[in-house]
2 protein chains.
Amino acid sequence: MQAVLSAIADDRRREILRLVQFEERSAGDIASHFDVSRPAISQHLTVLRTAGLVSERRDGNRRMYRANREALSEVREYIEEFWTDNLARLKAAAEKESNER
Amino acid sequence: MQAVLSAIADDRRREILRLVQFEERSAGDIASHFDVSRPAISQHLTVLRTAGLVSERRDGNRRMYRANREALSEVREYIEEFWTDNLARLKAAAEKESNER
DNA sequence: GATCTATGTAAGCACTGACTTACATAGATT
DNA sequence: AATCTATGTAAGTCAGTGCTTACATAGATC
């Protein structure tokens, strides 16, 4: 979860995620949307891929990227745990907490 | 949203959030749970408070902190937007995206 | 097969951020 | 009022990160 959270804590990487949310795009295509260097975007893509937030596919010369929403499941559950008023969840979280201390 | 995401992207701060999720705690009480210096925790609390993730209340000498789950609403919506298969959401997000480019 | 195209990797730099110790301050206690 | 207690703030250090330019490499094209 740490990797996912720090990955999406960056503005640029969230923009990249939006770009590949609905369609696969090549690294170059993605980079063309930004005014930083292409290697910078390549490095962001590595961070996103390492966190599992995007999947990579080779297509000849190019590398195609696409968002992988499964990667957000853990973070989603974490957020929901704090957000909801569901007593069962809160209780479970409380027990989890006391166990870990 | 940026502030909230980078705030919760830190392990220590997520632990602090868990500590004050169900009960109000003083800064010193919180700090006693960790093996870093008290000022370090004070600085983390400032980050969390600035992001709106905790509320602060003066009680005589002490400052009492408590998690504020409202702060997560924006992030929650962001995550849900990526997570769910809800077509309406996806469509709205796509339109939002094209408008912003 | 020489060259072009798309892309990742390496090395270095500037900035940020988490931590430390030292200090300041406001409220409680004696 | 002197002192203690709880806490924030200041200044400095060190590691991490986002960026750059230069280089490497694999696949496409001539």
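Quick note on labels: first sequence line is chain A, next is B, and so on, each numbered from 1. None of these values were measured; they are calculated from a predicted model.
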Closest contact, heavy atoms only, B/L5 versus A/I8: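 That would be CD1-O, 3.4 Å.
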
Provide the closest heavy-atom pair for B/G52 versus B/A71 in the form atom of the first, atom of the second, distance.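 Result for this residue pair: O-CB, 3.1 Å.
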
Going 5' to 3' along DNA chain C, between which two nucleotides do contacts with chain B fall, using a heavy-atom cut-off of 4.0 Å? C/dA18 to C/dA28

Could you check how far [atom1] of [X] sits from [atom2] of [N], rounded to whole Å?
X: A/H44; N: D/dT17; atom1: NE2; atom2: P; answer: 12 Å
X: B/D10; N: D/dT17; atom1: CG; atom2: P; answer: 11 Å
X: A/I41; N: D/dT21; atom1: CD1; atom2: P; answer: 14 Å

Most 5' of A/Q43 and B/E56 on DNA chain D, judged by nearest nucleotide: B/E56

Categorize [X] for me: base, sugar-phosphate, or nothing, with a 4.0 angstrom heavy-atom threshold over every strand shown.
X: A/R13; result: sugar-phosphate
X: A/A27; result: sugar-phosphate
X: A/R58; result: nothing

Do any N or O atoms from the side chain of B/R25 and from the backbone of B/L19 form a donor-acceptor pair under 3.5 angstrom? yes

Looking only at atom types and distance, does a side-chain atom of B/R13 sit under 3.5 Å from a main-chain N or O of B/A7, one as donor and one as acceptor? yes

